[in-house]
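What follows is a short report on a single structure.
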Amino acid sequence: MSTLFIADLHLCPQEPAITAGFMGFLQRDAIHADALYILGDLFEAWTGDDDPEPLHNEIAAALKALQQAGLPCYFIHGNRDFLLGERFARASGMQLLPEETVLELYGRHILLLHGDTLCTDDQTYQQFRRKVRNPLIQKLFLALPLRWRLKIATKMRARSQQANQCKPEAIMDVNPQAVKQAMLHHGVHWMIHGHTHRPAMHRLDLNNSQAHRVVLGAWHVEGSMIKVSADAVELIPFPF
Ligand code: OKV
Ligand code: MN
């Protein structure tokens with residue numbers, strides 16, 4: 001009896017080893033779990049469910065097979081794959097969840113989120129986020145021909161990579177006040193997120209009681225999962 005959490009795989013056709021690592025994880029680990037939660041950035045980029053990229057079909061098929069084997073799978077959007085929509089959800093059998101979701105699991109109340117909204121010190125990013133998360137702007141973007149969307153997305157990623165090289169490390173991490181505010185707002189003592197690529201188990205004080213923030217690692221050279229059971233919450237790195 002355990003539930004698994006992953007995030008920040010950043011799957012893309014250029015990194016087949018990560019895809020292989022994910023397939024291995026599904027067959028070896030996820031298949032035995034009660035449920036699988038993917039907390040965003042499953043994909044490095046997403047420009048619309050109509051993108052015929054074969055990798056997308058491959059991942060949808062693998063997740064669908066798991067769902068048909070009885071594993072419920074849930075997805076929260078990341079800052080990269082936030083345009084992933086109902087069509088991919090149907091194909092993969094994943095259920096899309098709101099960006100902040102409270103889960104009651106084996107007696108613990110756990111706030112699940114991608115984690116980018118906690119990085120409030122990075123104002124440039126938060127400004128970018130407000131624009132691309134605007135439903136009207138998304139509708140206009142999705143109305144463009146796929147080829148234009150792909151071209152725009154490639155340009156935006158190149159620009160962002162340049163900008164991030166100049167950002168100090170500290171503003172790329174979560175803001176401690178934002179963390180507490182979110183936990184108090186949802187009345188939880190547990191939080192699981194990804195995004196920062198700083199895997200760790202943090203303890204913090206919340207109104208004089210102990211709270212926990214567990215951060216998933218990105219899948220660069222190894223995988224990262226959180227396993228929640230009745231007895232424990234474990235952050236587990238594993239080789240591909
Ligand atoms: C995702 C990020 C690229 C960060 C564009 C409206 C707009 C959506 C989009 C295009 C880009 C996602 C969808 C991508 C995340 C980047 C660069 C930086 C920091 C528009 C709605 F503005 F053009 F109208 N996009 N893609 N970045 O390539 O996956 O998160 S993406
Ligand atoms: Mn992210």
Side-chain angles (χ1 to χ4, degrees), residues 5-15 18 22 37-53 55-56 59 75-88 96-97 99-101 112-169 171-175 178-179 182 191-200 213-220 223-226:
F5 300 83
I6 56 172
D8 301 298
L9 289 77
H10 296 270
L11 298 176
C12 62
Q14 293 75 30
E15 301 274 2
I18 304 177
F22 181 50
Y37 287 80
I38 303 175
L39 304 185
D41 289 357
L42 174 61
F43 293 101
E44 169 67 9
W46 199 267
T47 50
D49 290 5
D50 56 338
D51 185 348
E53 169 55 50
L55 173 68
H56 300 173
I59 299 301
F75 181 81
I76 291 181
H77 292 110
N79 59 296
R80 300 204 154 265
D81 49 18
F82 59 88
L83 279 186
L84 190 148
E86 275 305 327
R87 182 168 149 189
F88 186 84
L96 305 181
L97 297 177
E99 67 181 57
E100 294 190 349
T101 296
L112 308 176
L113 69 175
H114 177 60
D116 58 323
T117 51
L118 302 170
C119 300
T120 53
D121 296 334
D122 190 347
Q123 297 204 18
T124 318
Y125 169 70
Q126 295 301 334
Q127 202 174 358
F128 167 85
R129 188 182 198 276
R130 282 193 291 275
K131 278 183 199 142
V132 294
R133 293 294 188 108
N134 178 315
L136 177 63
I137 291 179
Q138 289 191 0
K139 210 174 157 182
L140 291 169
F141 180 75
L142 288 170
L144 297 173
L146 176 66
R147 246 186 321 234
W148 297 19
R149 279 179 272 149
L150 289 169
K151 205 162 178 183
I152 292 169
T154 304
K155 279 227 169 91
M156 286 171 73
R157 286 200 303 281
R159 278 191 53 179
S160 154
Q161 221 168 13
Q162 280 182 332
N164 275 354
Q165 286 170 352
C166 311
K167 274 185 197 170
E169 284 287 302
I171 71 162
M172 311 266 278
D173 203 355
V174 299
N175 175 292
V179 169
M191 170 187 270
I192 296 180
H193 70 83
H195 181 67
T196 60
H197 302 191
R198 297 173 198 217
R213 177 172 68 95
V214 192
V215 187
L216 285 155
W219 292 38
H220 287 144
S224 175
M225 66 169 137
I226 290 169

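In each ligand, atom 1 is the first atom listed, and ligand 1 is the first ligand listed. All values below were derived from every heavy atom in this structure, side-chain atoms included, with hydrogens, water molecules and symmetry-related copies excluded.
- The shortest side-chain heavy-atom distance between Leu146 and Pro52 falls under the 4.5 Å cut-off.
- The two atoms that bring Leu39 and Ala7 nearest to each other are O-CB, 3.6 Å, heavy atoms only.
- In Asp41, the N, O or S atom that comes nearest to the Mn ion (ligand 2) is OD2.
- Scored by the ring pair (Phe, Tyr, Trp, His ring centres under 6.0 Å) test, Tyr125 finds no partners at all (sequence neighbours excluded).
- The residue from Val132, Leu140, Leu136 that puts a heavy atom closest to atom 22 (F) of ligand 1 is Val132.
- In terms of polar-atom proximity, Trp46 is counted as a contact of ligand 1, with an N or O under 3.5 Å from an N or O of the ligand.
- Residues Phe82 and Arg129 fail the side-chain proximity criterion, which asks for heavy atoms closer than 4.5 Å.
- Between Glu44 and Gln14, every side-chain heavy-atom pair lies at or beyond the 4.5 Å cut-off.
- Shortest contact from atom 24 (F) of ligand 1 to any protein heavy atom: Ile137 CG2, 3.6 Å.
- Protein heavy atom at the shortest distance from atom 15 (C) of ligand 1 is Asn79 O, 3.2 Å.
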(Q) Test side-chain contact (heavy atoms from CB on, under 4.5 Å) on Ile6 and Trp219; report intermediate values, then the result. (A) CA-CA 9 Å; Ile6 56 172; Trp219 292 38; 3.8 Å; yes

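- By the 30° and 60° cut-offs, the orientation of the rings of Phe43 relative to His56 is perpendicular.
- Looking at Leu83 against ligand 1, only its side chain comes within 4.0 Å, counting heavy atoms.
- Closest approach between the Mn ion (ligand 2) and any N/O/S atom of His195 involves ND1.
- The protein heavy-atom contact nearest to atom 31 (S) of ligand 1 is Arg157 NH1, 3.9 Å.
- When distances to the Mn ion (ligand 2) are checked against a cut-off of 2.8 Å, Thr196 contributes no N, O or S atom below that limit.
- Between Arg149 and Asp51, the closest side-chain pair of non-hydrogen atoms is not below 4.5 Å.
- Each of His197, Glu15, His220 was evaluated against His10; a single residue qualifies, His197, per the side-chain hydrogen bond (donor to acceptor under 3.5 Å, both in side chains) test.
- Between Tyr125 and ligand 1, a contact under 3.5 Å exists for no N or O pair.
- Shortest contact from atom 14 (C) of ligand 1 to any protein heavy atom: Arg80 NH1, 4.0 Å.
- Comparing Phe141, Trp148, Phe43, Phe128 by heavy-atom distance to atom 25 (N) of ligand 1, the nearest is Phe141.
- For ligand 1, none of its N or O atoms has an N or O atom of Ser160 under 3.5 Å away.
- Asp81 has its side chain within reach of Asp41: a pair of non-hydrogen atoms, C-beta onward, lies under 4.5 Å apart.
- Each of the atoms 8 (C), 12 (C), 13 (C) of ligand 1 lies under 4.0 Å from some heavy atom of Phe82.
- Those atoms of ligand 1 with a heavy atom of Ala45 less than 4.0 angstrom away are 28 (O), 29 (O).
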